[in-house]
Amino acid sequence: QVQLVESGGGTVQVGASLRLSCTASGRTSRLHDMAWFRQRPGSEREFVAVISWSGDNIQYGAFTNGRFTVSRDNSRSTAYLQMDSLEVSDTALYFCAVSDYYSLSSQYYTYRFWGQGTQVTVSS
């Protein structure tokens with residue numbers, strides 16, 4: 001099993017930045033793609049970004065528009081999501097997810113392990 005814990009969420013104003021972290025524990029040798037999803041109130045879970053184990057392959061959701069950057073540090077079993085120029089519409093519960101094979105997928109059902117989420121609230 002793999003356990004994921006997200007951190008770094010909070011309440012910020014429009015235009016601010018946040019960096020989310022996702023740390024894995026347990027059978028981390030099984031980790032491959034690490035992804036971020038978010039769920040806004042009343043909406044379905046939405047793909048944010050994914051990074052392969054090597055970090056060489058990355059995909060972003062279209063809405064990120066160059067504002068978000070995903071990275072990872074395998075020595076710490078941690079993925080990061082740097083979010084800049086935050087907008088009110090970025091308010092959501094942000095989840096980390098991990099797959100145990102390479103897919104670089106934007107589909108939530110691809111990912112086997114999930115964290116509990118960290119809340120990001122952006123106020124105007």
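Hydrogens, waters and symmetry mates are skipped; everything else that's a heavy atom, side chains included, is used.
Residues Leu104 and Ser52 share a closest heavy-atom pair of CD1-N, 4.0 Å. Residues Ser85 and Ser17 share a closest heavy-atom pair of N-OG, 4.3 Å. A pairwise comparison of heavy atoms in Cys96 and Leu4 identifies O-CD1, 3.7 Å as the closest pair.
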Practice problem: Any chance you could lay out the side chain to side chain contact (heavy atoms under 4.5 Å, CB included) test for Asp33 and Thr110, step after step, and finish with the verdict? | Solution: CA-CA 10 Å; Asp33 293 354; Thr110 303; over 6 Å; no

Self-check item: Chi angles and distances behind the side chain to side chain contact (heavy atoms under 4.5 Å, CB included) call for Tyr80, Thr69
Solution: CA-CA 8 Å; Tyr80 304 96; Thr69 304; over 6 Å; no

Practice problem: Go through the steps to decide whether Ser99 and Arg112 satisfy the test side chain to side chain contact (heavy atoms under 4.5 Å, CB included), and finish with yes or no. | Solution: CA-CA 5 Å; Ser99 68; Arg112 182 174 180 183; 6.0 Å; no

Practice problem: Just do the ring pair (Phe, Tyr, Trp, His ring centres under 6.0 Å) check on His32 and Tyr101 with the steps written out, would you? | Solution: CA-CA 5 Å; His32 208 298; Tyr101 61 95; 8.1 Å; no

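Under the side-chain hydrogen bond (donor to acceptor under 3.5 Å, both in side chains) criterion, Ser124 pairs with no residue, sequence neighbours left out. Arg40 is linked by a side-chain contact (heavy atoms from CB on, under 4.5 Å) to Arg38, Ser43, Glu46, Ser89, Ala92, counting only residues two or more places apart in sequence or in another chain.
Separation of atoms CG (Leu86) and CZ (Phe68) is listed at 5.5 Å; rounding is to 0.5 Å. Here the CZ atom belonging to Arg72 is positioned 13.5 Å from the OG atom belonging to Ser21, to the nearest 0.5 angstrom. Of the inter-residue distances, the one linking Arg27 atom CZ with Ser77 atom OG reads 14.0 Å to the nearest 0.5 angstrom. Expressed to the nearest 0.5 Å, how far CE of Met83 lies from CZ of Arg19 amounts to 11.5 Å. If you take CG on Asn74 and CD1 on Ile51, they are separated by 8.0 Å, rounding to the nearest 0.5 Å.
Using modelled atom types, one side-chain atom of Tyr111 and one backbone atom of Ser105 make a donor-acceptor pair closer than 3.5 Å. Judged purely by atom type and a 3.5 angstrom limit, Gln116 has no side-chain atom pairing as donor or acceptor with the backbone of Glu6.
A continuous path of Ile, Leu, Val, Met, Phe, Trp and Tyr side chains, each step under 4.5 Å between heavy atoms, connects Val12 with Tyr94, placing both in one hydrophobic cluster. At a threshold of 4.5 Å between side-chain heavy atoms, the hydrophobic network of Ile, Leu, Val, Met, Phe, Trp and Tyr places Leu93 and Phe37 in one connected group. Note: the hydrophobic cluster containing Val2 also contains Met34 (ILVMFWY, side chain heavy atoms under 4.5 Å, direct or indirect links). Tyr109 and Phe113 fall into different hydrophobic clusters, defined by Ile, Leu, Val, Met, Phe, Trp and Tyr side-chain heavy atoms under 4.5 Å apart, directly or through other members. When hydrophobic clusters are built by joining Ile, Leu, Val, Met, Phe, Trp and Tyr residues whose side-chain heavy atoms come closer than 4.5 Å, directly or via intermediates, Leu31 is grouped together with Trp36.
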Review item, side-chain donor-acceptor pairs of residues 58-65, under 3.5 Å, at least two apart:
unit_1, atom_1, unit_2, atom_2, d
Tyr60, OH, Val70, N, 2.9
Thr64, OG1, Gly61, O, 2.7

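Between Leu20 and Val120 there is a side-chain heavy-atom pair separated by less than 4.5 Å.
Arg67 and Asp90 are joined by a salt bridge, as a carboxylate oxygen and a charged side-chain nitrogen come within less than 4.0 angstrom of each other.
Counted within 6.0 Å of CD on Glu87, heavy atoms from surrounding residues, nucleotides or ligands total more than 12; the atom is thus considered enclosed.
Between Trp114 and Phe95, the ring planes lie perpendicular to each other; the angle is over 60°, past the 30° to 60° tilted range.
When only modelled atom types and interatomic distance are considered, Thr91 and Thr121 share no side-chain donor-acceptor pair under 3.5 Å.
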